[in-house]
S.K.: 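The structure that follows is given in the form of structure tokens.
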2 protein chains.
Amino acid sequence: MRIKSLHPDRVRAWLARAEAWCRARGSNLTPLRREVLELVIARGRPVRAYELLDALRARGRAGSPPTVYRALEFLEAEGLVHRLSARKAWLACPEPGHDHAGVVLSCRHCGRALEVDDASLVEPLLARLDAYGFEPEAGLLEVPGTCDWCRQERDHG
Amino acid sequence: MRIKSLHPDRVRAWLARAEAWCRARGSNLTPLRREVLELVIARGRPVRAYELLDALRARGRAGSPPTVYRALEFLEAEGLVHRLSARKAWLACPEPGHDHAGVVLSCRHCGRALEVDDASLVEPLLARLDAYGFEPEAGLLEVPGTCDWCRQERDHG
DNA sequence: GAATGCAATGTAATACTATTACATCATGTT
DNA sequence: AACATGATGTAATAGTATTACATTGCATTC
Ligand SMILES: [Zn+2]
Ligand SMILES: [Zn+2]
Ligand SMILES: [Zn+2]
Ligand SMILES: [Zn+2]
């Protein structure tokens, strides 16, 4: 059986790294922002904004859409979460401080997504876009498809 | 100065190709669907669904959201338009019948988008995803960035 | 210490995107 | 005629995101 969400210890460690990262950058990871990040991390998969809002409210926080969207906007600017536009969802970044160049492998079946921070994956593609005069943005390329687990499920029952 | 939309002759030719394509496939390009396609083509850039709805109404058509979403769903299934999820917009495909493997170069500044149907652009990337057990979907990869025109605008005033 | 400025949050309202559900209409088949 | 089917009309609703303005807390300045 698959795990439903991240182990609390791993969440704690992840949060600690995020705190250190913000401290180093002089950015303000407030309790609210930290709490939203914690929720995103704990899911271990892309989360929608209104799920986060519900979760905040369930914890007794006051909350409305701007509450969560503002927190997410901050977290994305800090590189702590990434927005997956094809999924309208937000994914915690496992390595704040990295380049976030590479891909996100987004499974249409189970909804999970894997961030692969490997610039060498996309560099050959991006380099060729120069021929079109196109300057690609830094960031992750979203690749929809079927993940390993779902593929095995499908192929070997 | 840049053109605002496609030349009527080019729209007509494009539509004729689409009609031939649907005839060949035995699919039903009804007047409504054809009209929506015409609107998408004429813009020459990604269009949002509610813009199309407004345009339909301006032409005297009855219309509500399902009207346009159903037409777009049909057109996408036929490969006549592509949905750009990062933009929440729809782009007419210049070559129905192609593989639609490749990329869409989507400019954040001017909003234009260029479909590049060249599988060789993405194949090296997609092949390497096998190492992750990931099976990418067929389709175009959306690449956000700055187009040639906007880059020149920016660099040489 | 009062006044000021600023960043963060609270709150209500609204805009924008997309789908569901059900009615109607036309067309072709039995 | 009865029926099935695909396409469209229409109303309502769900889901995503932003705007606008009020409030709070804290640091700076006078
Ligand atoms: Zn990342
Ligand atoms: Zn999966
Ligand atoms: Zn295409
Ligand atoms: Zn541009």
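Just the heavy atoms: all of them, side chains too, but no hydrogens, waters or symmetry mates, feed the values below. Quantities reported herein were computed from a predicted structural model and do not represent experimental measurements.
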S.K.: Report, as a single string ordered 5' to 3', how protein heavy atoms within less than 4.0 Å touch nucleotides 4-16 of chain D: B base, S sugar-phosphate only, - not at all.
M.R.: ---SBBBB----B
S.K.: Report the residue from A:D118, A:V122, A:V103 that forms a side-chain contact (heavy atoms from CB on, under 4.5 Å) with B:R128.
M.R.: A:D118
S.K.: Would you call A:R43 and A:E38 a salt bridge, taking side-chain N to carboxylate O under 4.0 Å as the test?
M.R.: no
S.K.: Where do B:G79 and B:C93 come nearest, in terms of heavy atoms and distance?
M.R.: O-CB, 3.5 Å
S.K.: Which atom names give the shortest non-hydrogen contact between A:T146 and A:R151, and what distance separates them?
M.R.: CG2-N, 3.8 Å
S.K.: Examine the side chains of A:R87 and A:S106 and answer whether a donor and an acceptor come within less than 3.5 Å of each other.
M.R.: yes
